[in-house]
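Below is one structure, written out as structure tokens; comments come after it.
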Protein chains: 2
Amino acid sequence: MKTLTIGQVARESGVGVETIRFYQREGLIATPPRRSAGYRQYGAGVLRRIRFILRGKGLGFSLREINALLSLSLSRGRSCADVKARAHVKIEGIRAQIAALERVKGALERLTDACTARGSASMCPILDALDADVEGDK
Amino acid sequence: MKTLTIGQVARESGVGVETIRFYQREGLIATPPRRSAGYRQYGAGVLRRIRFILRGKGLGFSLREINALLSLSLSRGRSCADVKARAHVKIEGIRAQIAALERVKGALERLTDACTARGSASMCPILDALDADVEGDK
DNA sequence: ATTGGGCCCGTAGCGCAGTACGGTGTCAAG
DNA sequence: CTTGACACCGTACTGCGCTACGGGCCCAAT
């Protein structure tokens with residue numbers, strides 16, 4: 001079975017060498033066997049593992065959360081309900097984030113709608129909204 | 001005109017003393033005059049300034065962006081259109097953020113819908129989606 | 001006069017997810 | 001046998017927005 005150096009893993013997975021070392025330090029990737037000279041010797045499994053991490057990140061999970069997901073998937077016999085629960089928590093978090101952003105967007109849109117962009121900065125409704133009391137700051 | 005110590009400003013504005021010193025270091029608040037013993041001597045204007053910063057943060061602007069907004073508002077005679085343009089950029093950024101979050105939320109929802117939470121972790125469709133190739137990682 | 005708070009300063013640390021650096025050792029090709 | 005690319009290591013740095021620390025001065029009240 002052919003093995004991969006850290007550089008080959010990096011090229012094939014699209015992440016940097018330093019990132020792989022970092023993931024190892026953080027416990028997201030198992031410490032691999034070494035060749036005589038100390039070079040890391042990876043099997044193909046590490047590529048799957050890195051893709052797992054990358055997909056998790058894409059779904060908005062933090063590395064800490066991905067680590068938890070990984071432990072879950074390794075503890076055979078434990079119920080998949082744990083995973084589902086984590087996903088639910090994540091979904092609720094995202095929902096809240098979206099709602100907060102919508103509120104901010106609405107406020108900004110109202111502000112720019114009120115702005116004719118015609119006057120000087122001292123009459124800008126956007127700045128006025130931020131600087132509620134109108135008066136030079138001296 | 002009565003002046004305020006940094007602690008009074010902190011209490012009235014609701015931010016910490018250290019935060020005010022930090023804002024000063026970052027140039028968001030002008031360096032105030034000092035009393036003989038070196039104590040900062042603030043006028044009421046600083047409270048307005050801090051509220052400006054807080055509202056800007058509430059609208060999703062970074063401290064760097066707030067600083068730019070502040071410079072704009074101080075350069076009298078400059079057009080309010082600059083401010084409006086920045087607000088537009090911000091709105092577009094928020095729109096993109098929301099869209100990205102919606103995509104992630106959709107993906108997570110599809111995954112949890114497919115999950116009966118009945119099997120063991122090794123048959124969890126959520127983990128399967130992350131770990132595309134099904135096989136123990138040994 | 002002493003006590004307890006408030007204020008001064010520069011520096012270090014947090015959490016996140018890497019990225020970069022610098023010095024040394026190793027490997028494969030020519 | 002030399003060269004150049006790669007690998008090793010620990011440590012430090014990035015950006016963001018604070019927060020905390022330690023040591024020392026100052027001020028008002030008792």
Side-chain angles (χ1 to χ4, degrees), chain A residues 2-29 31-43 46 49-70 90 93-94 97 100 104, chain B residues 2-29 31-43 46 49-70 90 93-94 97 100 104:
Chain A
K2 86 166 182 281
T3 63
L4 301 165
T5 67
I6 195 171
Q8 289 167 331
V9 173
R11 270 187 296 284
E12 292 210 28
S13 62
V15 307
V17 166
E18 300 296 329
T19 303
I20 296 171
R21 296 210 313 122
F22 171 73
Y23 285 164
Q24 181 184 323
R25 276 202 298 284
E26 298 293 302
L28 289 157
I29 292 176
T31 64
R34 308 290 186 118
R35 293 209 313 235
S36 51
Y39 283 29
R40 288 169 181 80
Q41 229 177 349
Y42 290 106
V46 76
R49 171 62 61 95
I50 291 173
R51 279 194 295 267
F52 186 108
I53 296 167
L54 261 22
R55 289 195 199 98
K57 270 162 53 74
L59 288 176
F61 289 97
S62 68
L63 294 188
R64 181 181 300 268
E65 289 168 323
I66 291 168
N67 219 339
L69 251 17
L70 246 9
K90 202 78 213 169
I94 291 174
Q97 261 186 75
V104 167
Chain B
K2 83 166 181 282
T3 62
L4 302 166
T5 67
I6 195 171
Q8 289 168 329
V9 173
R11 269 187 296 283
E12 293 211 25
S13 63
V15 306
V17 166
E18 300 296 328
T19 304
I20 296 171
R21 297 209 311 122
F22 170 74
Y23 285 164
Q24 181 182 324
R25 277 202 298 284
E26 299 292 302
L28 288 157
I29 292 176
T31 65
R34 307 290 187 118
R35 293 209 314 233
S36 49
Y39 283 28
R40 288 168 180 80
Q41 228 177 350
Y42 289 105
V46 76
R49 170 61 60 96
I50 291 174
R51 280 194 294 268
F52 185 108
I53 296 168
L54 260 22
R55 288 196 200 96
K57 269 161 53 77
L59 288 176
F61 289 98
S62 68
L63 294 189
R64 182 183 300 269
E65 288 169 323
I66 291 169
N67 219 340
L69 251 18
L70 247 8
K90 201 78 211 165
I94 291 174
Q97 261 186 77
V104 167

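Small disclaimer: the values here were computed from a predicted structure and weren't measured. The sequence lines fix the lettering, A, B, ..., with proteins before strands; numbering per chain opens at 1.
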Are any of Arg40(A)'s side-chain N or O atoms less than 4.0 Å away from OP1 or OP2 of dC9(D)? yes
Could you pull out the closest heavy-atom pair between Leu63(A) and Lys57(A), with the gap in Å? CD2-CD, 4.0 Å
Just wondering, do Thr19(B) and Ile50(B) contact through their side chains at under 4.5 Å, heavy atoms? no
Whole Å only: how far is the CG atom of Leu28(A) from the C1' atom of dC16(C)? 13 Å
Whole-Å distance between dC8(D) C1' and Tyr42(A) OH? 12 Å
Take the protein atom CD of Gln8(B) and the nucleotide atom P of dG6(C), then report the distance between them rounded to whole Å. 11 Å
Ignoring hydrogens, what is the shortest heavy-atom contact between Tyr23(B) and Leu54(B)? Give both atom names and the distance. OH-CD1, 4.5 Å
A correct 5'-to-3' footprint of nucleotides 14-25 of chain D, with B, S and - meaning base, sugar-phosphate only and no protein heavy atom under 4.0 Å, is --SBBBB-----
Round to the nearest Å and state the distance from Ile20(A) atom CD1 to dC8(D) atom C1'. 14 Å
Arg35(B) side chain to Gln41(B) backbone, donor-acceptor under 3.5 Å: no
To check you understand the geometry: which heavy-atom pair defines the closest contact between Val104(A) and Leu59(B), and what is its length? CG1-O, 3.1 Å
Taken to the nearest whole Å, CD/Gln41(B) to P/dC27(D) is 12 Å
Starting from P on dA17(C), measure out to CD1 on Ile29(A) and report it in whole angstrom. 15 Å
Rounded distance in Å - CD1 (Ile6(A)) to P (dT26(C)): 17 Å
Whole-Å distance, Arg35(A) CZ to dG25(C) C1', equals 13 Å
Within the side chain of Lys90(A), is there an N or O that forms a donor-acceptor pair under 3.5 Å with the backbone of Phe61(A)? no
